[in-house]
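All remarks here apply to the structure that follows.
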Amino acid sequence: VASYVMFFLGGLGFGFAAPGGWKWLPLAFPLGLFVIALLQEGADGTVVIRLIGALLITIAGVLLGAVLGQRTERHDNARFA
């Protein structure tokens, strides 16, 4: 469970603060761990299911962070205009 929380928080942070396409960099972390697991344990349905869950949670974090970043940026622009 802790790893999924970390993926979500990583996605949230990058989604909020990273510019442009860099927002999607956190997707590399679960994919990298998936490759390592494949090399150590081989292909298994459990590993694939965990990868899908980690990717979905990371994507949710990135999208939420992007929404919060846009909202904050609009608020700052309105306040300083």
Side-chain angles (χ1 to χ4, degrees):
V1 172
S3 60
Y4 296 114
V5 172
M6 295 302 292
F7 290 140
F8 179 78
L9 291 175
L12 184 69
F14 271 82
F16 182 78
W22 288 102
K23 292 183 186 307
W24 299 104
L25 181 65
L27 291 177
F29 303 133
L31 290 172
L33 292 173
F34 174 71
V35 169
I36 292 170
L38 279 180
L39 294 175
Q40 290 180 350
E41 300 178 19
D44 185 13
T46 305
V47 176
V48 174
I49 295 295
R50 288 181 180 170
L51 170 69
I52 292 169
L55 289 174
L56 290 175
I57 288 171
T58 305
I59 289 169
V62 169
L63 293 175
L64 180 61
V67 167
L68 291 174
Q70 287 177 353
R71 203 170 150 201
T72 302
E73 186 176 310
R74 275 190 305 207
H75 183 277
D76 287 345
N77 288 341
R79 188 174 68 182
F80 293 122

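Grouping Ile, Leu, Val, Met, Phe, Trp and Tyr by side-chain contacts under 4.5 Å, direct or through others, puts Leu56 with Trp24, Leu27, Leu31, Phe34, Leu38, Val47, Val48, Leu51, Ile52, Leu55, Ile59, Val62, Leu63. Through chains of ILVMFWY side-chain contacts below 4.5 Å, Val35 is grouped with Leu39.
Using a 4.5 Å cut-off between side-chain heavy atoms of Ile, Leu, Val, Met, Phe, Trp and Tyr, with links allowed through other members, Val67 and Leu25 fall into different hydrophobic clusters. Under a hydrophobic clustering in which Ile, Leu, Val, Met, Phe, Trp and Tyr are joined whenever their side-chain heavy atoms come within less than 4.5 Å, directly or via other members, Leu33 and Leu9 fall into the same cluster.
For the atom pair Gln70 CD and Phe16 CZ, the distance stands at 11.0 Å (nearest 0.5 Å). With values rounded to the nearest 0.5 angstrom, Asp44 atom CG is found 8.5 Å from Arg50 atom CZ. How far CD1 of Ile57 is from CZ of Phe8: 9.0 Å, rounded to the nearest 0.5 Å.
Across all non-hydrogen atoms, the minimal contact from Ala18 to Lys23 is O-NZ, 2.6 Å. Looking at every heavy atom in both residues, Thr58 comes nearest to Pro30 through OG1-CG, 3.9 Å.
Between Pro26 and Phe7, the closest side-chain pair of non-hydrogen atoms is not below 4.5 Å.
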